2 protein chains.
Amino acid sequence: MTVSKTASDAVRPQRSLRREPVDPAGDDGMLQLGELSGLLGYSLKRAQLKVFEDFLRCVAPLQLTPAQFSVLLLLDKNPGRNQTEIANTLGILRPNFVAMLDALESRDLCARMRSANDRRSHILVLTDRGRAVLARAKKLVANKHEARLIEVLGPANHAALLEMLAKLAQEF
Amino acid sequence: MTVSKTASDAVRPQRSLRREPVDPAGDDGMLQLGELSGLLGYSLKRAQLKVFEDFLRCVAPLQLTPAQFSVLLLLDKNPGRNQTEIANTLGILRPNFVAMLDALESRDLCARMRSANDRRSHILVLTDRGRAVLARAKKLVANKHEARLIEVLGPANHAALLEMLAKLAQEF
DNA sequence: CGATAATTGTTATCAACTATACCAAATATC
DNA sequence: GATATTTGGTATAGTTGATAACAATTATCG
């Protein structure tokens, strides 16, 4: 141990005696984030949590998580694909994709069909109900979720943000 | 069920017959992301994973996770605080913070000291070793991790990105 | 052709992270 | 001084991510 085990709280370094440029935080109240505010990963994680939170709120009437929504979107845009292809594209491991599909299939949003060519693979298709739910979800996401994002950031910033995040997701 | 249970794969909608503006993806190869590329939350999550991945690589010699690094940073900037204050600031639930602190304390990076004022709370302090590790971690993060981010994005974009993410993390 | 390798969906399992309820000790409130 | 609140902690459960292994099927190649 390199420190004494009891702290008289008077040991706190005297702040605001010498008037240093310090973020607004007294001995009480909010803590200083320090270089944490400059850590991209930190803000990235915090922003992601907030955005997902809002997504869940906006699409709550349809009971869809971001991951489930992304699956439905992908199935719609890529008919005739099997589980491995969809899972890989979304960065979901095949074993973990099974339960996810079970949930969607049990709600009659999609279905597995045996491929005629390869009897190992399951071709994934949206059901009519799946298509309907996806359509409603798209509207909720566009009109409530993304709309709010654009409102907060401004359209230009929103586009720039999207571009930078995509760049990071790819080339980083 | 609204769909037949077997799929002759010939049902795939004919693409590239009519020359539509379509992202580069044939019947084989990469799948089309569709409106997924426009979903901010999607790129946000993907970017966050990549950035954390790189953080872990860069700071691997010190065996620090992003969460652990953020705790050390906060302890350094905010001496004399207790577990609840640190945990709350980082969005960590107090029960979950216990094991995290145990791990850091077992590595002699920080220590809990009973407060003289309030015998319930544990004042958290960095040990000398904790300060040393933090100093090394800061350098690794700045020179390897953040440096690479700035290189990929460009300094101006990096700053703009940080600003927008901070805005989302706060006002959203 | 036939032996061997690779792929697909799946199960089981584990680690990590998140979230809630609850508890004892200590402190605050009235 | 009775009651409520706070603090650190335990137990626990849910969620997500990751690995190993397996049967069925298909691909590869001698």
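What you see is a predicted model; the values in this text were computed from it and never measured. In what follows, every chain begins at residue 1, and chains take the letters A, B, ... in the order their sequences are listed.
The CG-P distance, from L93(B) to dA21(C), rounds to 12 Å in whole Å. Atoms CE (M100(B)) and C1' (dA15(C)) sit 16 Å apart, rounded to a whole Å. Rounded to whole angstrom, the span from the CG atom of N117(B) across to the P atom of dA26(C) amounts to 15 Å.
Minimum heavy-atom separation, L165(B) to S43(A): CB-CB, 3.8 Å.
Judged by distance alone, the side chain of K50(A) and the main-chain N or O of F172(B) form a donor-acceptor pair under 3.5 Å.
Both F55(B) and L109(B) belong to a common hydrophobic cluster when Ile, Leu, Val, Met, Phe, Trp and Tyr are linked at side-chain heavy-atom distances under 4.5 angstrom.
Chain A approaches DNA chain D within less than 4.0 angstrom (heavy atoms of the protein), and the contacting nucleotides run 5' to 3' from dG17(D) to dT26(D).
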Between the protein and nucleotides 6-13 of chain C, list every N/O to N/O distance that falls short of 3.5 Å.
{"from": "dT7(C)", "atom 1": "O2", "to": "R120(A)", "atom 2": "NH1", "distance (Å)": "2.7"}
{"from": "dG9(C)", "atom 1": "OP1", "to": "Q83(A)", "atom 2": "N", "distance (Å)": "3.1"}
{"from": "dG9(C)", "atom 1": "OP1", "to": "H122(A)", "atom 2": "N", "distance (Å)": "2.9"}
{"from": "dG9(C)", "atom 1": "OP2", "to": "T84(A)", "atom 2": "N", "distance (Å)": "2.9"}
{"from": "dG9(C)", "atom 1": "OP2", "to": "T84(A)", "atom 2": "OG1", "distance (Å)": "2.3"}
{"from": "dG9(C)", "atom 1": "O3'", "to": "H122(A)", "atom 2": "ND1", "distance (Å)": "3.3"}
{"from": "dT10(C)", "atom 1": "OP1", "to": "R112(A)", "atom 2": "NH1", "distance (Å)": "3.3"}
{"from": "dT10(C)", "atom 1": "OP2", "to": "Q83(A)", "atom 2": "OE1", "distance (Å)": "2.9"}
{"from": "dT10(C)", "atom 1": "OP2", "to": "Q83(A)", "atom 2": "NE2", "distance (Å)": "2.9"}
{"from": "dT10(C)", "atom 1": "OP2", "to": "R112(A)", "atom 2": "NH1", "distance (Å)": "2.5"}

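R57(B) meets the salt bridge (Lys or Arg N to Asp or Glu O under 4.0 Å) test with E53(B), D54(B); sequence neighbours excluded. The ring-ring contact (aromatic ring centres under 6.0 Å, His included) search around Y42(B) returns none, not counting sequence neighbours. Under the rule for a ring-ring contact (aromatic ring centres under 6.0 Å, His included), H158(B) has no partner lying at least two apart in sequence or in another chain.
Put simply, the residue from H145(A), R46(A), R148(A) that forms a side chain to side chain contact (heavy atoms under 4.5 Å, CB included) with V51(A) is H145(A).
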For residues 88-97 of chain A, which side-chain N or O atoms pair as donor and acceptor with protein atoms under 3.5 Å away, sequence neighbours left out?
{"from": "N88(A)", "atom 1": "OD1", "to": "R94(A)", "atom 2": "NH1", "distance (Å)": "3.1"}
{"from": "N88(A)", "atom 1": "ND2", "to": "T84(A)", "atom 2": "O", "distance (Å)": "3.3"}
{"from": "T89(A)", "atom 1": "OG1", "to": "E85(A)", "atom 2": "O", "distance (Å)": "2.8"}

